[in-house]
J.: 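To start, I am sharing the structure in question, which I have written as structure tokens.
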Number of protein chains: 2
Amino acid sequence: MATIHDVALQAGVSPTTVSRYLNRRIELPAATAERIDAAIAALDYRPNVLAQRLSTGKSFAIGLVAPEIREPFFAEIASAVEDEADRHGYTVFISSTRSDRARELASLQRLVDRQVDGLLLMTNIPDDGALADMISRRRNVVVMDEDVPGASAPRLFVENREGMALATRHLIDHGHRRIAYLGGPEGLFSVTERREGFRLAMAEAGITLPPGYMVFGSFAPAHARLATLGLLDLAEPPTAIVASSDYLAMGAILALRDRGIVVPEDMSLIAFDDAAFGALITPPLTAIRQPVELIGRRGFQLLLDLLEGREPPALTRLPVDLIRRQSVGAPRRKDLK
Amino acid sequence: MATIHDVALQAGVSPTTVSRYLNRRIELPAATAERIDAAIAALDYRPNVLAQRLSTGKSFAIGLVAPEIREPFFAEIASAVEDEADRHGYTVFISSTRSDRARELASLQRLVDRQVDGLLLMTNIPDDGALADMISRRRNVVVMDEDVPGASAPRLFVENREGMALATRHLIDHGHRRIAYLGGPEGLFSVTERREGFRLAMAEAGITLPPGYMVFGSFAPAHARLATLGLLDLAEPPTAIVASSDYLAMGAILALRDRGIVVPEDMSLIAFDDAAFGALITPPLTAIRQPVELIGRRGFQLLLDLLEGREPPALTRLPVDLIRRQSVGAPRRKDLK
DNA sequence: CTGGTTTAGTAAAGCGGTTTCATAACCTGA
DNA sequence: TCAGGTTATGAAACCGCTTTACTAAACCAG
């Protein structure tokens, strides 16, 4: 591999000159510039990024920490981040934490050690303060999707409350009153916000929630399946279910399928997130769509603001949309109160 | 950030000693070791990875080039690679090419610029030789999933031919004879192999393929939708469709849904790949499962072999499985020849 | 007591860039 | 003609770590 030295030698100038020329810090006479260009071409020289980084302290790389890149939601965000970063000359290190506290911290540390310029952080486990601590120590981190309470960093969330209220109202508008709620793990900011949205819409409509109609736990489909089975065994089972994530809806579908319950005739179902597979289910899933592409792009832009010394807003909220497909219908007559 | 210099100063030794101690190149008297340890702890010192890399030429990082990590198939492989790499102290740099020739080469080049020790490469566009060239020049690349003809690198593929024959025989065993085939873009190795598997199984059963029953094109669902519509418009439409990827099956489902055709009663459908969403579709999709987890892990292991000077096999084939769900049934009587 | 072998450690030269500080050569206008 | 300002370029320090080559001191057998 040719170095800047080789180029300098071949062009008959000093490495300094080559470096400055390449970094546009200097205007060279045409003749010199040409000699350097020729040498670069002849030697197929390309700067050693590592050396550049070490020397400048700038890496033009950022880290993206996600719970699990295998999940479509995070994969799509990652993809958008990468694209946006690429557009600005940055590369992205992606790291999955598998929702494991230790891995999360380790991932973070590793990325910090690798001297990336900044970090885009997504977590989905409640923090005990350690994470908030690490984040607050630096000012090159943006928190996305889920809050890390107490961390001083720009945050980027979607309209969880409004979105969930929208979903709930959609069911109410179809005539449902016995509406059950599948939440995620308690202690998470977004879980709380979404629940509030649900409660808000129910209260607006003057509906009181029967006991057992709200279930919290993990985001695992298996858990949602069990929870749904429980819902179906109630004396007065719901006529509609709000799932606060696609994965939860997946679990619900599994349970409904087990019991031979048809969506939307016997049960309406609406989800939050709207990953790609929702459109493929039969019937296609009505859902609140998170603007994943936008989350990724905006997240990177916020980080870039930080890196380039601009002051990004402390909190950014992105709007969500109701995507009407076919998993929501009117309740059966006999089920109406 | 504390440097090795600071540590040395505080411990009253030279940087050399600290470096060697940290890298286990020297056995130090307990007293000295303790002083160094104390200094490290006090200063919260952590080696600058960039400097280490520059100095040693080793980065303990690998690159993973995929067409699009947003796609579940690649996301799952990426996830497995990351996990396996992590286990061996390597970090993974993921890069999506979006199936774009230029981005593919750029990605490769960027990674090659000394930033990573090796590369795991997945492509899904036919190569014109440029890729093969770049790969052959180095001996730290493993090619996965799809071939890059002419490149001298270890390859890791699944049993495309056998798998597709398996899928086809499964339909034949159910009584189908009018079986159509949705292939991917021609010119790809795996596309060719899978087609051969299909042909093989059909020939075994003595079935001759009506014209128009094999369609090639892109992997895009939209394309498959159109192709399926075309199939349905044939004078003698098929009673079953083999899709050589999940995405193609997705497109087929969209078309069938448009026409009110019910799977598997009116049409059987079987796919290759078996991404997670296949189980969620109604009816759940019968498919040939690629061992994604294994592909990722084995891929990394092959690369590690290469990096550590062992000689990995030139070609590794991983087995595929038939996952029976509910998208395959017997053809209707009237449709039988 | 001598010369060889450990032991414990260091100075300095990289790795491949960037950047600060200089300098030499060449105007330019008074 | 010369002070003063450009313009074109370079030497050397530095980023933080590793590694080679070397030394000073202690040890040890003969």
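Here is the naming used below: chain letters follow the sequence lines, and residue numbers restart at 1 for every chain.
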J.: When you measure from the side-chain N and O atoms of A/T17 to the phosphate of D/dG10, is any distance below 4.0 Å, counting only OP1 and OP2?
T.: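 For A/T17, the contact criterion (side-chain N or O under 4.0 Å from OP1 or OP2 of D/dG10) is met.
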J.: Identify whether the distance between the nearest side-chain nitrogen and carboxylate oxygen of B/R103 and A/D83 falls below 4.0 Å.
T.: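 Judged by the 4.0 Å cut-off on N to carboxylate O distance, B/R103 and A/D83 do form a salt bridge.
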J.: Kindly say if A/R53 contacts the phosphate of D/dC15, meaning a side-chain N or O under 4.0 Å from OP1 or OP2.
T.: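 Answer no for this pair, as no side-chain N or O of A/R53 is under 4.0 Å from OP1 or OP2.
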J.: Taking the minimum atom-to-atom distance to the side chain of B/R20, which one of C/dT10, D/dC17, D/dG10 wins?
T.: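 Comparing C/dT10, D/dC17, D/dG10 against the side chain of B/R20, the answer is C/dT10.
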J.: Name the closest nucleotide to the A/S14 side chain, picking from C/dG17, D/dA11, C/dT20.
T.: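 Selected nucleotide (nearest to the side chain): D/dA11.
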J.: Compare side-chain N and O positions of A/N23 against OP1 and OP2 of C/dT18 and report whether any pair is under 4.0 Å apart.
T.: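 True: A/N23 side-chain N/O within range (under 4.0 Å) of C/dT18 OP1/OP2.
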J.: Look at A/E293 together with B/R70 and state whether they make a salt bridge at an N to O cut-off of under 4.0 Å.
T.: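 The answer is yes: the pair qualifies as a salt bridge.
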J.: Under 4.0 Å, counting only non-hydrogen atoms across every strand here, what does A/T16 touch: a base, just sugar-phosphate, or nothing?
T.: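 Result for A/T16 = base.
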J.: May I ask you to verify if any side-chain N or O of A/S19 is less than 4.0 angstrom from the OP1 or OP2 atom of C/dT18?
T.: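 Yes, such a contact exists.
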J.: Taking OP1 and OP2 of D/dT18, is either one under 4.0 Å from a side-chain nitrogen or oxygen of B/Q52?
T.: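 Checking D/dT18 against B/Q52, a side-chain N or O does come within under 4.0 Å of OP1 or OP2.
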J.: By nearest atom, which of the nucleotides C/dG17, D/dG10, C/dG9 is closest to the A/A51 side chain?
T.: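 From the listed options, C/dG17 comes nearest.
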J.: Counting only side-chain nitrogens and oxygens, does B/Y21 get under 4.0 Å of the OP1 or OP2 atom of D/dT18?
T.: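 B/Y21 to D/dT18 OP1/OP2: no side-chain N or O under 4.0 Å.
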J.: For residues B/E68 and B/S99, is any side-chain donor paired with an opposing acceptor at under 3.5 Å?
T.: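 Side-chain D/A pair, B/E68 to B/S99: absent.
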J.: Rounded to whole Å, please give me the gap between CD1 in A/I36 and P in D/dG10.
T.: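 Atom CD1 in A/I36 sits about 9 Å away from atom P in D/dG10.
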J.: Any side-chain N or O of A/T32 under 4.0 Å from OP1/OP2 of D/dT9?
T.: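 Checking D/dT9 against A/T32, a side-chain N or O does come within under 4.0 Å of OP1 or OP2.
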